[in-house]
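The basis for the numbers below is simple: all heavy atoms, side chains too, and nothing from hydrogens, waters or symmetry mates. Lettering follows sequence order; numbering is per chain, from 1.
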There are 2 protein chains.
Amino acid sequence: MTTTEQDGPVRQLPVLGASCHADEATSEVRAVLDRVGDKWSTLVLGTLASGPRRFTELLHGIEGISQRMLTLTLRQLERDGLVSRTVHAVVPPRVDYALTDLGETLLPPVVALVEWAFAHTDAIREHRDAYDAAQAEA
Amino acid sequence: MTTTEQDGPVRQLPVLGASCHADEATSEVRAVLDRVGDKWSTLVLGTLASGPRRFTELLHGIEGISQRMLTLTLRQLERDGLVSRTVHAVVPPRVDYALTDLGETLLPPVVALVEWAFAHTDAIREHRDAYDAAQAEA
DNA sequence: CAGAATCCATTCCGATACTG
DNA sequence: CAGTATCGGAATGGATTCTG
């Protein structure tokens, strides 16, 4: 055998492998990874971590987000039960967004990931620079 | 005050907030979140978790991935130092891909996230169904 | 075998205008 | 204030073809 070990077809980490691609839980797992990988979702989640916010607060508090993307992002988070939407029957309209209990529990894993990224920032940058430099001379 | 607490402008979770958007470490953090959110990256990482693989092994082991996307995905992972690429000077060509030490350390946080998703699959599905049902009657 | 390059359909997203 | 609706450019990604 040429590789370190193999006793059958391509094996994969159970929770990450394509094998779990077929079962029904996959779409929810992907939904979560999609939210985490989505720039605006993480910023909305991070902003709501310190308490409820109104639509406009989020719009102005998150640099660079468009009204359209904020709406779409909030709808997705709301649909998955990570964020709650509360409409106050007043004039002018007031809508508060907040993390749900479910949304709160998602924060620790996401923060762990971000902290991993912070901890390895230098390593990643060095690899990138080395890679780019190697490509440059081609 | 109307919300739970506020003593200034919109505050955000330090590691997730837009405030960290300005500093230089941000691009690396986003790079990591992008990889985690990327369907093919997670599947490649998950497949390599059990040992080195050749290009074709990955191509056929990961259901649905195209040659183009496998190449692109591997290049990104390689550029960030998460995956190593080893060319063997033989005929026909043989190229082995493997997780680097850095790549190995990324697995636990990612797995934690996936396990969160698994643990809350039902809750998410229920919220979705409820949300979709509510939309349907409009 | 392991890719690089090209073509093309789809999707995404920002900007803008309009509404209750 | 808090959206919705529409349009057009940009980016994404699959299928295909070609190469060392």
Query raised in the report: Quick one: is B/Arg54 getting a side-chain N or O under 4.0 Å of the C/dC1 phosphate, OP1 or OP2?
Result: no
Report task. Measure from the side-chain N and O atoms of B/Trp116 to the backbone N and O of A/Thr105, and report whether any donor-acceptor pair falls under 3.5 Å. Result -> yes
Report task. Hey, which sits more toward the 5' end of DNA chain C by its nearest nucleotide, B/Pro93 or A/Gly64? Result -> B/Pro93
Report task. Find the distance B/Leu43:CG to D/dG13:P and express it as a whole number of Å. Result -> 13 Å
Requested in this report: Can you see which heavy atom on A/Leu70 is nearest to which on A/Leu59, and at what distance?
Outcome: CD2-N, 3.5 Å
Report summary line: Separation of D/dG14 atom P from B/Lys39 atom NZ, nearest Å, is 8 Å
Query raised in the report: Could you give the CD1-to-C1' distance, from A/Ile62 to C/dG14, as a whole number of Å?
Result: 16 Å
Query raised in the report: Rounded to whole angstrom units, what separation is found between the CD atom of A/Glu57 and the C1' atom of D/dA2?
Result: 13 Å
Report task. Identify, residue by residue, the members of residues 83-92 of chain A with a heavy atom below 4.0 Å from DNA chain C, and return them in order of residue number, or none. Result -> none
Query raised in the report: Closer than 4.0 Å, any side-chain N/O of B/Tyr97 to the OP1 or OP2 of C/dC1?
Result: no
Query raised in the report: Is it true that A/Arg54 and A/Glu57 have a side-chain N and a carboxylate O under 4.0 angstrom from each other?
Result: no
Query raised in the report: Would you call B/Asp34-A/Lys39 a salt bridge at under 4.0 Å N-O?
Result: no
Query - Residue B/Met69, side-chain heavy atoms: nucleotide from C/dG14, D/dG13, C/dG3 that is nearest - result: D/dG13
Query raised in the report: Rounded to the Å, how far apart are B/Phe55 CZ and C/dA4 P?
Result: 8 Å
Report task. Return no unless some side-chain N or O of B/Trp40 is found under 4.0 Å from OP1 or OP2 of D/dG14. Result -> yes
Requested in this report: Let me know the distance between CG of B/Leu72 and P of C/dG3, rounded to the nearest Å.
Outcome: 12 Å
**Report entry** Base C/dG14 to side chain A/Gln67, donor-acceptor N/O within 3.5 Å cut-off
**Finding:** no
Requested in this report: Grab the NE2-C1' distance between B/His60 and C/dC1 for me, whole Å please.
Outcome: 11 Å
Query - Candidates D/dT4, C/dA4, C/dG14 - which lies nearest the side chain of B/Arg75 - result: C/dA4
Query raised in the report: Out of C/dG3, D/dG14, C/dG14, which nucleotide sits closest to the side chain of A/Arg68?
Result: C/dG14
Query raised in the report: Minimum heavy-atom separation for A/Val83 to A/Thr100, with atom names?
Result: C-CG2, 3.6 Å
Query raised in the report: Is it the case that B/Arg85 and B/Tyr97 place a side-chain donor and acceptor less than 3.5 Å from each other?
Result: yes
Requested in this report: Calculate the interatomic distance between A/Gln76 atom CD and C/dC13 atom P; express it in whole Å.
Outcome: 9 Å
Query raised in the report: Is a salt bridge present between A/Asp96 and A/Arg53, judged by a nitrogen-to-oxygen distance below 4.0 Å?
Result: no
